Amino acid sequence: MGEAEKSLNFIEHIIEEDLRNGFPKEALRFRFPPEPNGYLHIGHASSMCLNFGLGLRYDAPVNLRFDDTNPAKEEQEYVDAIKRDVAWLGFRWNTERYASDYFPQLYAWAVKLIKEDKAYVDSQSSEEMAKQKGTPTEPGTNSAFRNRTITENLELFEGMKMGEYGEGTHVLRAKIDMASPNMLMRDPIMYRILHRAHHRTNTDWCIYPMYDWTHGESDYIEQVSHSLCTLEFAMHRELYDWFLDQVCVPDQVRPKQREFARRNLSHTVVSKRKLMQLVTLGIVKGWDDPRMPTIAGMRRRGYTPEAIRNFADTIGIAKRENLIDVSLLEFHVREHLNRIAPRVMAVLDPVKVVLTNYPDQKEEWLEAENNPEDEGAGTRQVPFSRELYIERDDFMEEANRKFFRLKLGGEVRLKNGYIIKAESCVKDKEGTIIEIHCTYDPKSRSGSGTEESLRKVKGTLHWVSIKHAIAAEVRLYDRLFTDESPDTHKDRDYLELVNPNSLESITGYLEPSLQSAKVGERFQFQRLGYFCVDQDSTSNKLVFNRTVGLRDTWAKLLDKN
RNA sequence: UGGCCUAUGGUGUAAUUGGUAACACAGCUGGUUUUGGUCCAGUCGUUCAAGGUUCGAGUCCUUGUAGGCCAACCA
């Protein structure tokens with residue numbers, strides 16, 4: 001209740017208008033149609049949010065349909081990965097479909113077209129056909145085989161199906177118009193011969209239907225009401241409609257194709273070819289490398305399905321060119337993680353602190369809040385002792401009053417612990433600080449309620465007790481590309497714009513409660529960012545991925561100087 | 001040179017279908033805070049251009065300009 005009236009995107013406007021014109025709401029039906037030849041990425045997430053979101057909004061079924069008409073590229077491995085990713089994002093498909101399930105129906109319809117003299121077998125090479133195709137400004141010319149008899153076409157097509165001919169010897173083409181200003185209407189190929197095993201139909205077929213012939217008819221078979229695709233298919237709509245005209249009968253839903261602009265995310269690439277190249281060239285470690293914009297990569301990075309969905313909802317859908325700043329995605333990731341991630345302390349760039357007035361063997365367990373944003377999150381105990389680690393950049397021998405951290409003679413609060421004062425520091429021969437000697441105020445313990453504990457000190461630092469800390473590998477990620485739009489430069493290859501420092505692997509020191517952290521669990525390392533346990537973790541060594549840093553206004557201040 | 005599509009703040013998306021340009025992010029100012037996080041308040045735009053229709057145009061018309069897409073037996 002109280003949910004603000006959400007404005008409609010242009011697709012929803014089209015649907016609303018169809019409804020007003022009498023289209024029955026119960027007949028609304030959508031589909032998400034990936035080709036199983038690669039992994040799903042952030043762009044697909046947008047498409048899923050659109051289609052499945054429409055399903056939710058109108059209480060309409062949404063099919064997951066694999067567009068598997070090219071056995072040369074498609075594999076079962078991708079089908080499994082895609083299903084996992086769709087489900088992980090939280091979407092529920094009505095039924096799982098495959099375009100290959102419709103091969104018999106498609107074949108029957110093709111025969112019907114031949115009988116109506118609307119399709120013919122062409123026996124030229126692809127080079128000859130390309131030549132006859134014309135150009136966008138010049139009309140094409142008819143194939144010498146365009147006027148074969150229906151009987152001859154029927155026989156040849158049957159032969160193609162039976163595997164009597166080699167690949168490339170014949171194709172079935174729709175007989176439309178070689179002079180059409182739309183190149184796609186110049187007698188498009190409907191079937192080609194391919195002697196390859198298909199991941200589902202195996203060697204049952206020697207001919208495979210092309211995208212245009214398959215997609216619209218599949219929509220029709222499934223009675224999809226609104227078939228949504230990206231802008232580059234806009235020119236295909238005329239052909240989509242032509243094919244539908246050949247098979248549609250009254251009283252059946254006639255699918256409507258509408259196109260939207262694909263979402264472009266800054267500092268990344270998203271084409272399957274380029275993502276594949278990043279993997280094969282070893283620039284990343286796999287499709288699920290946390291730097292990849294794939295769903296699998298984002299999952300491993302620690303992004304949540306909610307964050308990705310909120311992001312997609314926020315950016316919306318339209319028809320114009322766009323380049324969405326990754327910082328918007330990161331905002332949604334932080335927003336969600338801020339609510340759900342337990343806080344812990346970890347020091348990633350340690351320098352040793354010795355509390356000179358703290359008893360040598362003493363240790364205490366201090367109470368720490370798990371999440372100030374979540375009252376139900378409870379508390380935990382963290383160990384405190386004489387020797388601690390703090391971050392190296394949380395200490396300066398001298399600093400101005402804008403530096404709210406530790407400096408000689410200055411006081412600072414150790415989170416959940418005591419107020420300490422820096423007295424001196426020890427350096428090695430190179431001048432690097434190796435120890436900071438401090439005194440602590442024994443009466444200032446957090447939560448003790450003493451007058452001293454209530455003192456206001458500017459600055460609170462996170463820390464870990466050295467003897468209790470556990471060492472872990474921490475992987476710090478940065479954007480994969482240094483350029484916001486790496487693959488749109490005419491004069492520069494996107495590979496030249498790869499960020500050489502997109503991964504830095506370091507050893508961090510964690511509070512001991514993290515010992516039992518499980519793969520996939522997400523935490524906020526206080527004052528640093530959100531981190532999650534990577535699948536590379538073993539029983540004796542934890543590996544963490546930095547999902548995203550905290551907003552850092554201090555770093556911004558430093559940048560200005 | 002032909003056809004199709006698009007144009008609103010730095011970014012993305014809206015605008016009750018012709019009626020005072022809104023929301024989010026980013027930025028900037030402050031405030032709160034035992035995370036320089038979170039949270040709170042404030043601030044930044046006359047809709048690509050030029051004409052036209054109208055009492056009134058981001059919405060309609062005309063002409064430009066800019067950008068994207070189209071010639072795989074890929075999807």
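Chain A is the first sequence line, chain B the second, and so forth, proteins listed ahead of strands; every chain is numbered from 1. Just so it is clear, the model here is predicted, and its values are computed rather than measured.
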For nucleotides 17-19 of chain B, give me every protein contact, N/O to N/O, under 3.5 Å, one pair per line with atom names.
unit_1 : atom_1 : unit_2 : atom_2 : d
B:rU17 : O4     : A:H13  : ND1    : 2.9

Among all residues two or more places apart in sequence or in another chain, which pass the salt bridge (charged side-chain N to carboxylate O under 4.0 Å, His left out) test with A:D393? A:R405

What does nucleotides 42-48 of chain B look like as a protein-contact string, B for base, S for sugar-phosphate only, - for none, at under 4.0 angstrom between heavy atoms? -------

For RNA chain B, what string of dots and brackets results from 5' to 3' when Watson-Crick and G-U pairs need both distances under 3.5 Å, crossing pairs get [ ], and pairs with another strand get |? .((((((..((((.....[..)))).(((((.......)))))....(((((..]....))))))))))).....

In whole angstroms, how far is the P atom of B:rA14 from the CG atom of A:L8? 10 Å

Examine A:K415 relative to A:W463 and say whether NZ or CZ is less than 6.0 Å from the centre of the six-membered ring and inside a 45° cone about the ring axis. no

When A:K256, A:R31, A:Q257, A:E222 are each screened for side-chain hydrogen bond (donor to acceptor under 3.5 Å, both in side chains) with A:S227, the one that passes is A:R31

Quick tally for nucleotides 66-75 of chain B: nucleotides whose base has a protein heavy atom under 4.0 Å get B, sugar-phosphate-only ones S, the rest -, giving --S-SB-BBB

Nearest-Å distance once atom P is located in both B:rA21 and B:rU47: 11 Å

Sequence-distant partners of A:T135, side-chain contact (heavy atoms from CB on, under 4.5 Å), two or more places apart: A:T137, A:E138

Output yes when at least one side-chain N/O atom of A:R320 is less than 4.0 Å from OP1 or OP2 of B:rG12, else no. no

With sequence neighbours excluded, tell me which residues meet salt bridge (charged side-chain N to carboxylate O under 4.0 Å, His left out) with A:E511. A:R380

Span that lies between the C1' atom of B:rA24 and that of B:rU8, in whole angstrom: 15 Å

Ionic contact status for A:E232 with A:R262, cut-off 4.0 Å: yes

Is the distance between the ring centroids of A:F311 and A:F331 less than 6.0 Å? no

Checking A:T304, A:N371, A:D374 against A:I340 for side-chain contact (heavy atoms from CB on, under 4.5 Å), the one that qualifies is A:T304

Given the C1' atoms of B:rC28 and B:rG45, what is the spacing between them in whole Å? 15 Å

Which residue pairs pass the side chain to side chain donor-acceptor pair (under 3.5 Å) test with at least one member in residues 173-183 of chain A, sequence neighbours excluded? A:D117-A:K175, A:D122-A:R173, A:N182-A:E238

Could you work out, with salt bridge (charged side-chain N to carboxylate O under 4.0 Å, His left out) as the rule, every residue matching A:R200, not counting sequence neighbours? A:D101

Could you run down nucleotides 24-35 of chain B 5' to 3' and tag each one B, S or - for protein heavy-atom contact under 4.0 Å? -S-SSS----BB

Residues in salt bridge (charged side-chain N to carboxylate O under 4.0 Å, His left out) with A:R527, at least two apart? A:D394

If a pair satisfies salt bridge (Lys or Arg N to Asp or Glu O under 4.0 Å) and one of its residues is in residues 179-191 of chain A, list it, with sequence neighbours excluded. A:R146-A:D187

Using the C1' atom on both, measure B:rU11 against B:rA26 and round to a whole Å. 7 Å

